[in-house]
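Counting starts at 1 for both ligands and their atoms, in listed order. In this chain, numbering begins with 1 at the start of the sequence shown.
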Amino acid sequence: MSILNKNIKELADGLASKEFSSAELTQFYLDRIEKYDDEVKAYNYVNENAINQAKAIDEKRSKGEDLPQFAGIPVALKDLLITKDMPTTCSSKFLEGFKPPYVGTAVSLLEESGFINLGKLSMDEFAMGSSNENAAFKQTRNPWDTEKVPGGSSGGSAAAVAAGLAPFTLGSDTGGSIRQPASLCGVVGMKPTYGRVSRFGLVAFASSLDQIGPLAKSAYDSAALLSVIGKHDAKDSTSANVEQKDYTKDLTGYVKGIKIGVPKEYFADGLSPDVKTAVDNAVKKYADLGCKLIDISLPHTDYALATYYILATAEASSNLGRYDGIRYGRRAEADNLRDLYFNSRTEGFGDEVKRRIMLGTYVLSAGYYDAYYIKAQKVRTLIKQDFVEAYKKVDAIICPTSPTTAFKAGAKTEDPIQMYLSDVYTLSLNLFGGCGLSVPCGFDSDGMPIGVQLMGNYFDEGLILNLAHAFEQATDFSRIPEKLKI
Ligand code: GLN
């Protein structure tokens with residue numbers, strides 16, 4: 001079996017039995033990056049120490065030393081996860097070349113488990129966007145068709161997995177940024193419950209919504225990665241004090257009797273016919289597998305987009321205040337303090353980031369605060385209640401991940417509202433705070449992948465991962481684009 005098709009357990013077993021070394025495994029991915037990344041443009045930075053780190057692990061293994069579970073397995077990281085000894089840029093000119101002095105919690109948990117970091121992956125600047133076109137350095141393209149976008153903001157993380165430029169990656173999801181690119185690139189992407197994964201060392205966009213999660217070729221790999229990074233952390237005050245567990249144990253493939261809600265609001269206007277057909281077929285497949293499909297309603301769905309774009313921009317305008325030209329990254333030429341702030345921010349931020357800061361500052365300003373920010377907080381509560389009510393009747397919810405498949409680069413850059421609509425099916429879940437994932441469920445008439453979304457209640461990651469796993473066992477939609485295969 002080619003390395004490309006191995007799951008995380010097979011990689012760990014292959015290393016343990018010395019079928020291949022970590023240096024060989026790491027070199028395999030570095031060679032693919034060398035060969036394909038000019039076209040895919042997923043990596044902002046490739047870790048030049050990866051091979052030496054792999055060799056060091058091989059040496060320990062050959063001496064028979066005790067090694068952590070995943071010692072010597074490569075992984076790659078969205079470029080807003082804080083790492084040491086290499087840049088963390090958030091794909092922003094503001095942080096070009098910026099090397100943080102510490103490591104974030106999720107990344108250090110990966111390190112403790114023995115993973116080797118292949119490098120940092122491109123994204124929309126500060127995670128604001130749905131196509132990776134807001135990236136300042138590399139606009140990642142979809143490996144299935146490089147004229148098209150990979151989705152965003154974790155576009156590099158999704159494309160790297162789809163193209164086999166990393167076995168799995170981490171991304172972040174504030175309104176859909178893991179699930180939407182996973183859907184557009186034909187991989188599995190999961191947003192854990194808010195609080196499941198520590199946000200310490202995740203560069204903040206909208207702190208009440210941000211969450212780190214895995215992107216991978218299978219539910220199994222996603223479950224394994226979540227088991228590593230899903231740990232309570234005193235360094236994040238919103239980290240949930242929930243026991244760390246091995247989610248792969250939940251993947252029994254047995255889903256009989258699980259109640260899955262089908263929300264009518266998610267199958268309305270704007271859903272492309274190809275996506276609708278594929279998602280309808282996925283619903284039927286779950287019925288075949290013995291699940292109980294139940295029609296439900298999430299009545300405040302129509303307000304989710306507006307609510308999200310008020311709250312997320314408000315939080316962003318506050319979080320991004322720290323980029324002042326003094327503390328982090330870019331420092332512009334200036335004669336006085338005001339110009340230093342002004343020039344640094346003018347030069348450092350791209351158009352979308354500026355738009356968000358202005359929107360956010362507006363909704364928080366005196367006179368508009370009650371009309372927008374407070375109102376949006378109230379609507380957020382109504383949206384949350386929709387989910388609370390739904391989960392009294394069902395165990396999980398099924399719906400499309402994205403209204404369309406991947407679109408041509410440039411198709412939506414002039415129309416921010418069209419771009420914002422890419423996340424219309426994903427952002428309610430962030431407002432609620434539960435868990436959700438996208439799993440491949442078909443292809444459109446151009447052969448582009450389609451994902452179906454499974455949403456779960458708070459801390460029900462095991463249940464939705466098992467649902468995705470059962471679906472994968474019964475279908476065959478996850479594969480690497482033909483032309484990218486060695
Ligand atoms: N596309 C959404 C936005 O631009 C979601 C981003 C995200 O989840 N980080 O805000």
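Here the side chain of Thr193 pairs a donor or acceptor atom with the backbone of Phe459 at under 3.5 angstrom.
The distance between the ring centers of Phe126 and Tyr323 falls below 6.0 angstrom.
Phe349 and Phe94 have tilted rings, their planes meeting at an angle from 30° to 60° on a 0 to 90° scale. Phe200 and Tyr102 have tilted rings, their planes meeting at an angle from 30° to 60° on a 0 to 90° scale.
Contact residues of ligand 1 (protein heavy atom closer than 4.0 angstrom to a ligand atom; sorted by chain and number): Ala127, Met128, Gly129, Ser130, Ser153, Asp173, Thr174, Gly175, Gly176, Ser177, Phe205, Tyr308, Tyr309, Arg356, Asp423.
Within the 4.5 Å cutoff, side-chain heavy atoms of Leu465 are placed close to those of Ser222.
One finds a salt bridge joining Glu347 and Arg330 here, because a Lys/Arg side-chain nitrogen approaches an Asp/Glu carboxylate oxygen to under 4.0 Å.
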